[in-house]
Amino acid sequence: MDLFLQTLLNGLLIGGVIATFTIGFQLAFGVLHVIDFAVGGWVVLGGYLGYYMAAGLGVDGFLAIPVAFVLFGAIGYLIGPILYNVRNSRTARPELMALALTFGLFTLLRGGMLTAWGFNTHSVPTALSGESLAVGPLTVPLIRVAAAVFAVAIASGLFIFLYRTRYGLAIRATAENRQNAALMGVDIRRLSANVYGLYAGITAMAGVLMGAIFSVNPEVGLRYTLFAFFVAVLAGLGSVGGALVAALLLGVIEAFVATYVGSSYSLLAIFATLFLVLLVSPRGILRHGL
Amino acid sequence: MMSIKSKVSRRRFLGGSAVALAAGTLGIPFVRTARAQVATFKAGVITSLSGENILGGNLTKRGYDLWAEAINAKGGVEVAGQRFKVDMFYGDDQSNPATGADAAERLIVQNEVDVLFGPYTSGSTIAVQPICQKYQVPMISGSAESPNVWKAKPEFNFGIIPAVDTTAGKSLAVLAKLSNPAAKTIAVIGVNEPFSKETGEGFRDGAKEAGLELVAYELVPASGDLTPVISKIAALNPDIVAVGGHEEPLINVVKTSKSLNFRPKALIMHYGVTDPAFAQALAADADGTCGVSVWLPSVPYKDDVFGTARQFAEMAQKKSGHEPDYTEAACAASGLVFGDAVKRLGKKPALTPEDRVALKDAIAATDIQTFYGPIKFEKEGNHYHDNVQPVPVLIQIQGGKTVAVGPKEAAAADLTYPLPAWK
């Protein structure tokens with residue numbers, strides 16, 4: 001029974017960890033209608049920021065979280081309009097061009113990181129790294145709790161922002177129908193830049209946490225991109241709430257399969273879940289997706 | 001009329017200039033190289049210069065390059081009293097075996113290399129072997145550790161590092177013998193990819209010989225979360241946890257174990273622990289982790305090119321800023337095998353196809369002493385063309401440094417056992 005509860009806890013916590021970087025991914029897709037291949041690149045960059053801040057300034061890795069938001073938010077804000085222009089260009093398949101652009105951006109980020117920082121694996125030291133709390137028979141890794149809390153906070157914050165503010169309304173309107181939103185006076189170009197900035201900032205913040213929980217090197221980005229894509233499809237593309245639910249579900253499935261069946265079957269179980277959910281509900285787990 | 005004439009002459013002038021310019025840019029350097037060209041041996045290196053194995057790929061490249069620099073500094077490889085320098089050519093397998101095979105073919109066909117130095121991963125090595133066979137070009141592999149490389153009985157490939165099935169189990173026996181109170185149980189984790197899985201199997205099979213009871217054997221995907229596996233193993237509370245994997249999963253095993261407050265009495269891994277980046281990434285948490293090494297800078301071997309093992313380590317450290325590990329050393333030693341074989345063969349560059357076949361036979365007859373240790377290839381059996389001479393040393397990270405702790409005759413420090421609880 002102890003192992004069962006521990007497995008459930010592990011699954012929920014890893015789900016929370018995965019959700020940290022898929023929520024922003026969903027937001028960007030909802031508004032820009034672009035599957036951003038660069039998501040893993042932003043995660044890894046956040047991890048490196050945490051590592052270099054901790055190593056260079058001797059501060060706690062967590063201090064990099066707000067810095068990551070501001071820094072990568074600004075970079076995302078500058079990239080947003082380029083993506084917008086490509087996505088709305090008059091080429092035959094603008095959506096494919098945008099996909100190629102983000103793939104190129106990811107390759108550029110990966111290559112740049114390799115050149116700048118080498119290929120060694122680093123870790124972001126934080127006060128919570130390796131700390132755990134014993135709750136009865138369970139061991140609760142505090143850094144994972146922090147990541148899960150972060151994911152819930154970001155998702156809740158985004159919900160409040162999207163459903164309780166005027167700007168959130170504009171974002172939702174743009175996600176729903178770009179043309180109509182533009183006719184209602186929404187500056188789509190600026191909004192897209194803001195959303196991409198917000199997304200890049202959130203994802204890089206998640207990257208600091210990922211670097212603290214796991215480890216960071218330029219090559220792990222692709223893994224995060226694939227995971228974001230899995231979760232996004234299960235959640236329904238563009239559904240922020242669905243991302244949280246889908247990530248938690250995938251985390252729990254992975255944990256139970258790894259514990260009771262065997263780790264080598266966990267990916268198979270994830271694919272099977274994806275297949276079944278898409279069969280029953282093609283718009284994702286909460287039926288909110290596009 | 002005048003204008004037409006003028007146009008024609010301008011065209012001729014421009015055409016003539018273009019030809020002259022082309023001759024200047026292409027022809028003159030060509031003439032220069034032709035004049036300056038002295039026969040050299042061409043060596044091709046296939047390794048992971050990008051992709052997920054880039055760390056190890058660069059380790060192997062550094063090792064091969066160290067030999068090229070050292071031998072060129074001496075004037076080159078000696079053949080019949082003359083010395084010939086070595087030119088290195090590189091092919092990136094992008095951490096993908098099929099790309100490695102393409103790169104090998106390109107090095108052989110386009111660059112016309114006389115010898116190949118093998119990839120970082122065993123997967124790529126297995127993919128490159130048929131290419132070596134097809135073009136009959138010998139390859140010396142300074143890194144491959146999978147027994148499957150040698151089970152295939154490759155005619156043209158030779159390995160410097162003993163296959164992992166011969167080293168993982170042996171080191172476990174050393175660890176079990178040194179443990180006090182004696183270790184009784186073990187759990188083995190292997191990352192589900194060629195080298196790591198075979199390392200896991202080596203630990204699993206070695207456990208029996210070491211008198212340990214195997215309580216869990218788990219294959220994990222390279223990208224999965226390790227929390228469930230570590231939780232499961234923690235519930236079984238084994239004395240020893242052994243892990244087969246490359247750097248990143250190894251780092252994550254330690255981090256996950258600490259986050260679940262689980263520390264076995266001994267944690268042993270194979271490759272990656274000996275790389276200084278491992279201890280750097282984990283800081284104090286790396287302390288106590290055991291590993292297996294077939295070479296250390298403190299071994300008592302030497303040769304004419306690098307000097308002693310310590311001198312080699314100093315040379316490598318000067319070059320890269322890191323103390324070399326056994327892969328880097330084995331790659332550098334691969335060059336020594338080539339130098340010795342070509343000297344015995346007595347053929348000057350460039351080698352003809354017949355010479356390359358004869359070179360393969362000369363390499364097979366290798367029996368030398370190097371800074372890395374003795375090198376002599378198996379002539380039959382499951383380790384055909386593998387150098388199984390080196391004796392594995394059990395190492396442990398103590399105070400951030402890698403020290404030999406067993407067997408007793410190689411030990412520089414006592415094994416810390418059982419490991420203390422996490423701080």
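In what follows, chains are A, B, ... by sequence order, proteins preceding strands, each numbered from 1.
By the neighbour-count criterion of 12 heavy atoms within 6.0 Å, atom OH of Y265(A) is sparsely surrounded, having that number or fewer from other residues, nucleotides or ligands. The environment of OH in Y52(A) is crowded: more than 12 heavy-atom neighbours from other residues, nucleotides or ligands sit within 6.0 Å. Within 6.0 Å of the CZ atom in F256(A), the count of heavy atoms belonging to other residues, nucleotides or ligands exceeds 12. Under a cut-off of 6.0 angstrom, the local environment of CZ in F271(A) is sparse, with at most 12 non-hydrogen atoms contributed by other residues, nucleotides or ligands.
Interface residue N217(A): only side-chain heavy atoms are found under 4.5 Å from chain B. For chain B, the nearby part of I213(A) is the backbone; its heavy atoms alone come within less than 4.5 Å. Of the atoms belonging to S257(B), not a single heavy atom falls under 4.5 Å from chain A. Neither the backbone nor the side chain of V216(A) comes within contact range of chain B; no heavy atoms are under 4.5 Å apart. Only the backbone of A212(A) comes within less than 4.5 Å of a heavy atom in chain B; its side chain stays farther off. If you measure heavy-atom distances from I251(B) to chain A, the contacts under 4.5 Å come from the side chain alone.
K255(B) contributes no side-chain N or O that, together with a main-chain N or O of S123(A), makes up a donor-acceptor pair within less than 3.5 Å.
For the set T227(B), V220(B), N192(B), the entry with the most heavy-atom pairs within less than 4.5 Å of chain A is T227(B). Between chain A and the options A283(B), G57(B), S259(B), A281(B), heavy-atom pairs under 4.5 Å are most frequent for S259(B). In terms of heavy-atom pairs under 4.5 Å with chain A, the best-connected choice from E218(B), E247(B), Q280(B) is E218(B). Put simply, of G130(A), S129(A), P141(A), A134(A), the one with the most heavy-atom pairs under 4.5 Å next to chain B is G130(A).
Rounded to the nearest 0.5 angstrom, H122(A) NE2 and L282(B) CG are separated by 12.0 Å.
Between T139(A) and F262(B), the closest side-chain pair of non-hydrogen atoms is not below 4.5 Å. Counting heavy atoms from C-beta on, the side chains of N53(B) and E219(A) never come closer than 4.5 Å. Residues T7(A) and S231(B) are not in side-chain contact: their nearest non-hydrogen atoms beyond the backbone lie 4.5 Å or more apart. The shortest distance between side-chain heavy atoms of K232(B) and N10(A) does not fall below 4.5 Å. Side-chain contact between N252(B) and S215(A) is present, with at least one heavy-atom pair separated by less than 4.5 Å. At a threshold of 4.5 Å between non-hydrogen side-chain atoms, the residues N261(B) and E131(A) do not count as touching.
E248(B) and T121(A) are not linked by any side-chain donor-acceptor pair at a separation below 3.5 angstrom, with hydrogens and angles left out of the test.
The shortest heavy-atom contact between P221(B) and S263(A) is CD-O, 3.4 Å.
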